[in-house]
2 protein chains.
Amino acid sequence: MSRDSSDTRTRILDCTWNLLESGDKKVRMSDIAKEVGISRQALYLHFPTRAELLIATTRHIDSVKNVDARLADSRAATSGRDRLASFIGAWGGYIPEIHGLSVALRSMRDSDAEAAAAWDDRMQAVRHGCAAAVAALAADKMLRPDLNIEVATDLLWTLLSVENWERLVRECGWSQVEYENQIKRLSEAALLAKH
Amino acid sequence: MSRDSSDTRTRILDCTWNLLESGDKKVRMSDIAKEVGISRQALYLHFPTRAELLIATTRHIDSVKNVDARLADSRAATSGRDRLASFIGAWGGYIPEIHGLSVALRSMRDSDAEAAAAWDDRMQAVRHGCAAAVAALAADKMLRPDLNIEVATDLLWTLLSVENWERLVRECGWSQVEYENQIKRLSEAALLAKH
DNA sequence: GTGTCAACTTTACATCGTGTCAAGTAACTG
DNA sequence: CAGTTACTTGACACGATGTAAAGTTGACAC
């Protein structure tokens, strides 16, 4: 679909994305250049560093996959509980799309501060979503009384981490559906007041 | 305490451990050599690669901190539920001790297959502990009827991941006690049949 | 003393991936 | 034709790991 975009920058982003998601662990600048069909140096004409290329790729994926719209849907839910479930569905369903990129960005955390910041930024955005879902629960008086908003948000955010998805889906071999169902169940068990 | 051990190999392991746990992110072979007070090359007389040094360091920590004994205690618990709690306490309390090493080993996952295998090995050991705890719950008929042993083990193993500890304790600023309490509560909510 | 062995040192170099630099080419645009 | 833009080729610096070779030091044997 995004084939033949003529715009080199876009082609670079698409190829980077393809390579990262295709799971070939080590994606070097030269790998990307080869895939795009340009020289390694031409890459540096478009992106100053590998980190910036990866960061630009996340933004590119976000816009292609329309994350904002997905998450907006979850905001439309009426009850706090529905909202929680639909937020989990939206974010949980997005994880597989960005997983390769997530691995690449996280693996340069310690070598590149900029990449680390970019990843943290994304995770903070997810955390805001978690906080909103928790707030909706609290408004419905459905939050466990022994949990304050902050702690509940931390817990939900942790449950929804990419790392947990990796472990359950990739390592334990769960299906995406099993993952979402169990995480929903677990989140409710963790956060909801029993009544 | 471990000062002046005369045995160079042991001194290397202790210094590696110190450096890793002291949180100075980048621990290079030359950093370790400087800390020990020997040349970088002397390091290679004792350990062929950085990966092997890190792996040897985990074994060293295990023996100094006596993991086996800690986990053995959790096996002594009478009820399945006590056993779950005490396993979580034992492993959860061990995570802070090996956290620096865990970061280092994981960050070379993609560059070094041997390091990856060593880390996976450790995690499989934890998984066995989880499986044993789940089996004890099942024996007491306390496992949720809609969970089979496998899925329950996957869930518990995921909850107890080092990554979740990092997020809650390091990133969210929880105390170790809060962490253990919430993870215990969450594990029980996830696994125990309500009756 | 001499010989020898082990543990370590110093110096030098190969490799790999990132990122920089400079000069050249090919196509489009006025 | 001149100038600009997008790219190419080739060379190189850097930082970290790992290899290789020759030299130093101290202990122990006889």
Does anyone know the first and last nucleotide of DNA chain C in reach of chain A, 5' to 3', at under 4.0 angstrom to a heavy atom?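 Listing 5' to 3', DNA chain C meets chain A from C:dG17 to C:dC21.
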Going by atom types alone, do A:Ser63 and A:Arg59 pair a side-chain donor with an acceptor below 3.5 Å?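 Absent: no donor and acceptor within the cut-off.
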Pairing donors with acceptors under 3.5 angstrom, does anything connect the side chains of B:Trp165 and B:Gln176?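 Yes, a side-chain donor-acceptor pair sits under 3.5 Å.
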For B:Thr58 and B:Arg122, run side chain to side chain contact (heavy atoms under 4.5 Å, CB included): C-alpha distance rounded to whole Å, both residues' side-chain angles, the deciding distance at 0.1 Å, then the answer. CA-CA 9 Å; B:Thr58 70; B:Arg122 294 196 88 47; 4.1 Å; yes
Could you give the angle between the helix axes at the two ends of the helix from C:dG1-D:dC30 to C:dG30-D:dC1, with five pairs per end, rounded to 10 degrees?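 Axis angle across the helix from C:dG1-D:dC30 to C:dG30-D:dC1, nearest 10°: 20°.
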Restricting to side-chain contact (heavy atoms from CB on, under 4.5 Å), what partner residues turn up for [X], sequence neighbours left out?
X	result
A:Glu150	A:Arg127, A:Asn148, A:Asp154
B:Asn66	B:Ala69
A:Ala138	A:Leu143, A:Ile149
B:His46	B:Thr8, B:Arg9, B:Ile12

Output the rounded distance in Å from [atom1] ([X]) to [atom2] ([N]).
X	N	atom1	atom2	result
A:His46	D:dA6	NE2	P	7 Å
A:Ile12	D:dA6	CD1	P	12 Å
B:Arg50	D:dG18	CZ	P	8 Å
A:Arg9	D:dT5	CZ	P	18 Å

Applying salt bridge (Lys or Arg N to Asp or Glu O under 4.0 Å), can you list everything that pairs with B:Arg144, at least two apart in sequence or on another chain?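 Residues passing salt bridge (Lys or Arg N to Asp or Glu O under 4.0 Å) with B:Arg144: B:Asp146.
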Tell me whether the side-chain N/O atoms of A:Thr8 come closer than 4.0 Å to OP1 or OP2 in D:dC7.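 It does, given that an N or O in the side chain of A:Thr8 lies less than 4.0 Å from OP1 or OP2 of D:dC7.
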For a quick test of reading the model, state the closest non-hydrogen atom pair linking A:Arg83 to A:Ala132 and the distance between them.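 A:Arg83 and A:Ala132 have their closest heavy atoms at NH2-CB, 3.5 Å.
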Using a cut-off of strictly less than 4.0 Å between a heavy atom of the residue and any atom of DNA chain D, enumerate the qualifying residues of residues 28-45 of chain B by number.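 When residues 28-45 of chain B is checked for heavy atoms under 4.0 Å from DNA chain D, the hits, listed by number, are B:Arg28, B:Met29, B:Arg40, B:Gln41, B:Tyr44.
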Within residues 105-116 of chain B, find the residues that approach DNA chain D with a heavy atom at under 4.0 Å, and present them sorted by residue number.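 Hits under 4.0 Å, by residue number: none.
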Non-neighbouring partners of B:Glu171 that pass side-chain hydrogen bond (donor to acceptor under 3.5 Å, both in side chains), sequence neighbours left out: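 In terms of side-chain hydrogen bond (donor to acceptor under 3.5 Å, both in side chains), with neighbours along the sequence ignored, B:Glu171 is linked to no residue.
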With sequence neighbours excluded, give me every side chain to side chain donor-acceptor pair (under 3.5 Å) pair touching residues 85-100 of chain B.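 The answer is B:Asp62-B:Tyr94, B:Lys65-B:Glu97, B:Arg70-B:Glu97, B:His99-B:Glu166, B:His99-B:Arg170.
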Could you list all the salt bridge (Lys or Arg N to Asp or Glu O under 4.0 Å) pairs where at least one residue sits in residues 29-41 of chain A, not counting sequence neighbours?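 Residue pairs with at least one partner in residues 29-41 of chain A: A:Arg28-A:Asp31.
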Full working for side chain to side chain contact (heavy atoms under 4.5 Å, CB included) between B:Arg167 and B:Trp174: CA-CA 9 Å; B:Arg167 194 173 222 102; B:Trp174 290 21; over 6 Å; no
